[in-house]
2 protein chains.
Amino acid sequence: MGKEKCEKDTICDTCNESSSCNQHEKEAHAQERLKSKLSHIKHRIMVMSGKGGVGKSTISTNLAVALSMDGFDVGLLDADIHGPNIPKMLGIESKHVEGSGHGMIPVEVFPKLKVISMAFFIGDRDNPVVWRGPLKHSAISQFLGEAEWGDLDFLVTDLPPGTGDEPLSVAHLIKDVDGAVIVTTPQDVALLDSRKAVTFSRMLNIPVIGIIENMSGLLCPHCQKEIFLFKKGGGEKAAGEMRVPFLGRIPIDPEMVTDCDRGMPFVIAHPDSEATRAFKEIAYRCKEYVGFKEIGKQYEKERFSYHFKEQEAKR
Amino acid sequence: MGKEKCEKDTICDTCNESSSCNQHEKEAHAQERLKSKLSHIKHRIMVMSGKGGVGKSTISTNLAVALSMDGFDVGLLDADIHGPNIPKMLGIESKHVEGSGHGMIPVEVFPKLKVISMAFFIGDRDNPVVWRGPLKHSAISQFLGEAEWGDLDFLVTDLPPGTGDEPLSVAHLIKDVDGAVIVTTPQDVALLDSRKAVTFSRMLNIPVIGIIENMSGLLCPHCQKEIFLFKKGGGEKAAGEMRVPFLGRIPIDPEMVTDCDRGMPFVIAHPDSEATRAFKEIAYRCKEYVGFKEIGKQYEKERFSYHFKEQEAKR
């Protein structure tokens with residue numbers, strides 16, 4: 001009833017006819033908007049881990065950048081409400097999300113990569129977001145239903161660690177997730193958590209694209225010998241035992257820490273490094289997984305047509 | 001009314017007169033039990049971080065072990081519901097919590113150190129705990145109100161990362177927290193989150209004992225030169241800027257990863273290492289902070305009277 005009178009595609013808070021709809025109708029509108037927005041997103045990938053600090057945000061960021069460099073339209077959703085670090089890793093932490101009558105406009109990193117993060121909504125960077133589950137669910141729901149992503153080939157969602165409220169919310173909201181990429185570090189304690197993440201994905205009927213072993217070995221910058229800081233090979237072993245694909249190893253590179261801190265995606269700053277090769281391989285596996293293999297070939301010619309801050313990328 | 005009839009100090013679920021009390025009365029009993037249990041705990045320390053994977057559980061474990069080696073009765077509460085790793089780090093992951101009519105009996109690591117963790121309640125180690133906020137709150141409430149800790153000098157609580165449901169719940173439940181130890185790693189992205197943790201503590205009126213910089217530098221095992229993997233000194237800088245004490249640096253030691261995985265507390269396995277000195281210094285600062293300075297001297301003579309699996313500790 002209210003629906004006929006109110007403005008289509010306008011979020012209820014800014015609709016001129018807002019008062020003519022009741023709460024129930026507004027919730028139905030939110031659901032419709034969510035459905036409509038998601039229908040423009042071809043493929044949905046979740047990056048998750050059972051444990052924090054395994055480099056999930058670094059991997060989400062570099063995966064999204066690698067996919068966009070391949071010519072795909074990519075959205076990157078930073079679903080970590082308490083520790084939203086992706087904007088800092090892309091050098092866009094001072095940006096703000098602008099609103100339109102139809103919703104919020106994601107921040108464009110470059111034409112084929114857009115980002116939404118809680119960080120854009122926090123005034124003081126020292127302020128924590130002290131929210132319980134329902135409020136977090138509502139925020140993630142708005143990021144999905146009210147963001148003007150436009151047509152996307154991929155939406156890469158960086159989930160907060162664990163198997164709690166946020167991963168549950170996102171999985172329930174996004175629906176039809178194509179697959180989850182699970183990030184782990186090689187030591188036993190972390191592997192224990194990544195195995196939980198695999199089971200969690202299965203419980204939610206989300207296919208596991210595979211496991212990535214991050215922080216896998218380090219070359220000493222002084223003597224060039226390899227140091228197994230967090231041991232090595234555990235990710236592959238866990239993948240084998242849990243019967244999910246192993247997507248590859250990403251070695252520790254102190255440059256990666258520096259790049260994250262200065263807001264430069266590693267795959268752009270160090271195109272010939274071992275870690276970049278691993279990131280590209282993972283991006284390839286994701287494309288392959290979602291059936292983009294053929295379309296990928298078509299894009300082959302126009303690959304790397306856009307160079308992000310190329311001058312800065314040269315060391 | 002129900003209270004007069006029912007058995008004192010018995011948890012309602014196992015009380016023979018359970019049916020004589022209504023839900024409201026049972027909740028009041030739970031509050032009373034919580035208050036009564038907490039009255040036996042002299043000092044309450046929370047170990048927190050804004051970000052996962054900074055080594056919070058490792059630090060909680062070694063801090064608790066260091067305090068108990070000093071002769072104090074210590075309880076270690078693993079409040080990480082989704083990733084409870086402390087039992088593995090202490091080699092007690094196969095243990096189970098036993099119940100009595102008065103509640104659950106924490107697992108004893110050695111006479112002066114007891115542990116409660118969600119890990120003791122999960123059958124299959126691969127099973128994730130997929131719980132939303134209210135259920136997690138209820139679990140933590142039971143860990144505090146129904147665990148038979150006995151008389152404790154210190155309760156060290158290892159919080160899950162972030163500023164969400166669990167830290168909120170624990171802070172609200174424990175009340176009168178003596179102070180929070182905040183763990184960070186030195187890179188900017190992690191520091192951003194640790195600053196949030198300081199603000200979060202202040203919002204909840206929990207004094208900040210100080211900031212620990214973990215994973216601060218690494219000696220190459222081949223050439224013995226120092227590698228600044230996650231940079232260095234950021235924790236001290238953040239502490240200065242946020243005007244909270246700086247508690248010290250803990251270097252990365254590949255042995256620590258191995259020790260965590262084999263369930264051996266690092267401070268026992270490597271009593272003369274740089275990291276152990278840092279852990280002991282932090283334990284000292286905590287004692288000093290809660291006014292145990294004088295009592296500490298009294299314990300001085302009987303220090304290290306107990307040696308945990310000494311034979312195994314020798315490499």
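Proteins come first, then strands; the chains are lettered A, B, ... in the order of their sequence lines, and each starts at number 1. Just so it is clear, the model here is predicted, and its values are computed rather than measured.
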Sort [X] into side chain, backbone, both or neither according to what part of it lies under 4.5 angstrom from a heavy atom of chain B.
X        : value
A:Leu204 : neither
A:Met256 : neither
A:Asp193 : side chain
A:Ile252 : side chain
A:Ser194 : neither
A:Lys56  : neither

Pairwise distance [atom1]([X]) to [atom2]([Y]) - rounded to 0.5 angstrom:
X        : Y        : atom1 : atom2 : value
A:Lys88  : B:Gln187 : NZ    : CD    : 10.5 Å
B:Glu226 : A:His222 : CD    : NE2   : 8.0 Å
A:Leu229 : B:Ile227 : CG    : CD1   : 8.5 Å
A:Asn85  : B:Leu192 : CG    : CG    : 5.5 Å
B:Lys225 : A:Cys223 : NZ    : SG    : 8.0 Å

> Hey, is NZ on B:Lys232 packed in by over 12 heavy atoms from elsewhere, all under 6.0 Å?
Replying inline: yes
> Checking B:Ser169 against chain A: side chain, backbone, both or neither under 4.5 Å from a heavy atom?
Replying inline: both
> Given that the side chain runs from C-beta out, which part of B:Leu218 has a heavy atom under 4.5 Å from chain A: side chain, backbone, both or neither?
Replying inline: side chain
Minimum heavy-atom distance [X]-[Y], with the two atoms named:
X        : Y        : value
A:Met203 : B:Pro128 : SD-CG, 3.7 Å
B:Gly53  : A:Lys51  : CA-NZ, 3.7 Å
B:His82  : A:Gly162 : CB-CA, 4.4 Å

> For the candidates A:Thr163, A:Thr258, A:Leu135, A:Thr199, which exhibits the highest count of non-hydrogen atom pairs separated by less than 4.5 Å from chain B?
Replying inline: A:Thr163
>> With a strict 4.5 Å heavy-atom criterion, list every residue of residues 205-215 of chain B that contacts chain A, or say none.
In response: none
